[in-house]
There are 2 protein chains.
Amino acid sequence: MTTIKDIAKAAGVSITTVSRALNGYSDVNEKTRKKIIEIAKQLNYSPNTLARGLVMNKSKTIGLLVSGLTRESTKDNFTFEVLAGVNQYVSEVDYDMVLFSTTSTKQREKTYTQLCRERRVDGAILQGIRVDDPYLQEVVESDIPCVLIDIPIESETVGYVTTDNVLGAKKAVQHLISLGHRHIAMINGYEFAFVSEQRLKGFQEALFEAGLPFHEHLVANGAFKEERAEQEAVRLLTQHPEITSFFCASDLMALGVMKAAKTLGKRIPEELAIIGYDDIILASYTTPPLSTIAQNKFAMGYEAAKLLIEMLEGKAQSRVRVLETELKIRESTVKNHG
Amino acid sequence: MTTIKDIAKAAGVSITTVSRALNGYSDVNEKTRKKIIEIAKQLNYSPNTLARGLVMNKSKTIGLLVSGLTRESTKDNFTFEVLAGVNQYVSEVDYDMVLFSTTSTKQREKTYTQLCRERRVDGAILQGIRVDDPYLQEVVESDIPCVLIDIPIESETVGYVTTDNVLGAKKAVQHLISLGHRHIAMINGYEFAFVSEQRLKGFQEALFEAGLPFHEHLVANGAFKEERAEQEAVRLLTQHPEITSFFCASDLMALGVMKAAKTLGKRIPEELAIIGYDDIILASYTTPPLSTIAQNKFAMGYEAAKLLIEMLEGKAQSRVRVLETELKIRESTVKNHG
DNA sequence: CTGAAAGCGCTAACAG
DNA sequence: CTGTTAGCGCTTTCAG
């Protein structure tokens with residue numbers, strides 16, 4: 001593997017000059033630079049980023065920390081789309097991305113902070129981490145620049161990107177109300193999720209603004225899981241037959257509710273309207289296609305990476321990015337819509 | 001950031017001793033080691049992997065090189081599942097993974113080899129790369145250990161993992177034949193794909209063994225794209241009304257054929273049976289659910305990572321892994337199967 | 001069992 | 001415009 005030393009020797013100059021020439025410094029004779037670049041090419045030189053990182057004390061690498069990158073989690077490809085977005089921006093600005101997954105028991109032994117420190121990543125993006133994750137606080141309090149996805153923590157070194165979940169939920173519920181629904185149930189995620197809290201708030205606001213009562217007993221937690229949501233939906237529909245529609249805090253859970261409806265012989269949307277959240281790919285392929293609140297997950301990843309790198313380079317205006325959502329009306333709420 | 005130097009000072013020993021103690025060498029007094037480890041913990045020490053990588057000349061990092069990690073490609077989450085599998089194994093053996101994507105124009109300027117060399121990855125896994133990719137040959141001929149997914153190249157430093165595509169295709173077609181189909185069309189991928197070639201072979205073998213004729217004109221290329229497949233299916237069905245079933249080289253293309261059937265008013269599976277390949281998540285959610293040949297994509301990633309790291313550590317028995325596929329019979333070929 | 005010293009490949013003052 | 005020198009944090013001979 002060629003080094004700048006080899007190039008220096010071949011060009012008859014010092015390694016300093018080679019370094020400067022290759023890094024585009026101005027104070028190098030154009031002739032020398034040409035020559036050096038030529039030789040570098042001939043020798044098939046690749047800079048050693050480890051060495052560079054060591055001396056510069058930064059690696060031009062960011063870490064993407066995700067949880068639940070498992071065989072099962074591929075159904076809801078939220079993580080993947082975010083990753084694709086991160087990757088896109090990162091490669092545009094010539095950074096690299098290393099993926100830290102916290103699924104394996106092996107890695108669990110190391111905290112996020114350790115993971116980041118050891119690899120000397122310049123910063124990290126955290127996605128799919130629970131608010132009550134024991135290591136979250138540690139990394140946030142460390143000096144590692146972080147951007148969180150859907151967790152609203154802000155500090156000198158921490159920012160976040162999220163969508164307007166209150167408004168998103170509100171739009172969904174208003175859509176149901178506008179269709180004449182008065183007994184709307186909600187399947188939420190779990191307690192320790194910021195988005196669940198926000199979406200519940202939006203649910204309540206929409207009801208309130210329409211002059212409808214909020215009934216605690218019409219809200220259940222489905223843990224963002226299809227099966228759990230199905231069970232809860234069956235329970236709710238059995239105990240409260242007045243329910244005519246469901247607002248679900250994720251599409252995956254909406255799929256569960258659709259199964260429940262099928263089990264109970266309820267036609268969608270005539271007897272039961274269902275709206276989800278996320279707009280996962282499956283949503284437009286179910287029968288009937290699922291109405292939902294679309295989040296641009298790719299954009300979330302892209303913006304998170306952008307924000308992080310702006311923070312790293314000291315040119316971030318603010319440390320918060322809130323993206324918009326979009327109501328997608330399909331046939332699970334309106335017959336023959338498409 | 002604490003270094004071994006700090007620990008050495010605090011412990012009153014040399015940095016050499018610290019290094020040895022922390023790396024579990026045997027020739028260190030147990031008391032000294034205990035003390036050093038204790039101090040390291042107190043000082044919140046994290047080893048600098050850049051420095052270590054520089055001197056050891058290996059980074060314990062592998063590169064995952066994928067193409068087409070775009071906003072659009074998330075529908076077919078093949079890439080994602082492979083990535084999840086790679087990540088799983090990699091984290092089990094305490095390696096890290098850096099993701100190189102070749103979508104952006106920025107990165108395109110660098111060859112795969114350069115990407116790998118600069119980051120000093122110990123080896124690379126390549127997925128979704130076309131056989132005719134100009135940079136593929138370069139990286140394969142370099143000294144960088146590589147594992148390819150679905151590209152059969154083998155050398156001292158190159159291995160691959162794939163599934164038995166001939167057999168997989170054969171199973172699909174035999175299934176159609178067993179249902180009584182005699183006029184079977186095929187929507188293949190594209191010319192420069194190893195898997196397409198193999199699946200075509202399986203298609204032909206199944207026909208041959210059943211004593212059925214192979215008609216070139218019943219095979220079309222859909223470029224692994226839903227829309228292209230749809231167009232080709234419409235064309236085939238129009239030109240050759242005798243067709244009663246389709247074997248598609250990917251599920252995504254099978255979705256396209258399903259659309260074509262709908263357009264032409266053909267009922268599935270009564271008037272047109274369709275079988276795909278891959279078993280993507282969507283396959284079980286379409287109406288009717290799609291019969292297909294399932295590939296365990298997670299396992300492909302996992303095995304690729306395993307093979308690569310075995311190769312790196314000099315304990316790979318062979319450099320080829322062929323995984324099995326499984327026929328999943330759903331309602332796009334057999335009425336009321338589920 | 002422990003330490004001194006060299007060096008991995010690179011950048012960054014500081015002198016010329 | 002160019003070279004000398006001194007490290008970045010770590011591992012690894014080679015001597016004790």
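Residue numbers begin at 1 in each chain, while the letters A, B, ... track the order of the sequences. Note that the coordinates shown come from a computational prediction; the quantities given were computed from them, not determined experimentally.
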Side-chain N or O of [X] less than 4.0 angstrom from OP1 or OP2 on [N]?
| X | N | result |
| --- | --- | --- |
| B:N48 | D:dC8 | no |
| B:S19 | D:dT11 | yes |
| A:Y45 | C:dC10 | yes |
| B:T32 | C:dT2 | yes |
| B:Y25 | D:dT11 | no |

When the distance from [atom1] of [X] to [atom2] of [N] is rounded to whole Å, what number comes out?
| X | N | atom1 | atom2 | answer |
| --- | --- | --- | --- | --- |
| A:K5 | D:dT4 | NZ | P | 13 Å |
| A:N29 | D:dT2 | CG | P | 5 Å |
| A:M56 | D:dG9 | CE | C1' | 16 Å |
| B:I4 | C:dG3 | CD1 | C1' | 13 Å |
| B:I7 | C:dT2 | CD1 | C1' | 17 Å |
| B:L50 | D:dC8 | CG | C1' | 10 Å |
| A:K9 | D:dT2 | NZ | P | 20 Å |
| A:L22 | C:dG9 | CG | P | 15 Å |

Under 4.0 Å, counting only non-hydrogen atoms across every strand here, what does B:T16 touch: a base, just sugar-phosphate, or nothing?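 Answer is base: heavy atoms of B:T16 come under 4.0 Å of a base.
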Base, sugar-phosphate, or nothing: which does B:N57 touch, judged by heavy atoms less than 4.0 Å apart?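 It contacts nothing in the nucleic acid.
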Looking only at D:dT11, C:dG9, D:dG3, the nucleotide nearest the B:L54 side chain is C:dG9
Nearest to the side chain of B:R52 - D:dC1, D:dT11, C:dT2? D:dT11
With a 4.0 Å cut-off on N to O distance, would you call B:E310 and B:K315 a salt bridge? no
State plainly whether the residues B:K306 and B:E92 are in salt-bridge range, i.e. N to O under 4.0 Å. no
For the pair A:Y112 and A:Y135, name the ring-plane relationship: parallel under 30°, tilted 30 to 60°, perpendicular over 60°.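 Taking A:Y135 first and then A:Y112, their aromatic rings stand perpendicular (interplane angle over 60°).
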For A:Y190, is the NZ or CZ atom of A:R130 found under 6.0 angstrom from the centre of its six-membered ring and inside 45 degrees of the ring axis? yes
Can you find an N or O donor on one side and an acceptor on the other, under 3.5 Å apart, linking the side chain of A:R20 with the base of D:dG3? yes
Comparing B:R120 and B:S14 on DNA chain C - which has the more 5′ nearest nucleotide: B:S14
Please check if the side chain of B:N48 supplies one atom and the backbone of B:L50 the other of a donor-acceptor pair under 3.5 Å.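 A pair under 3.5 Å: yes.
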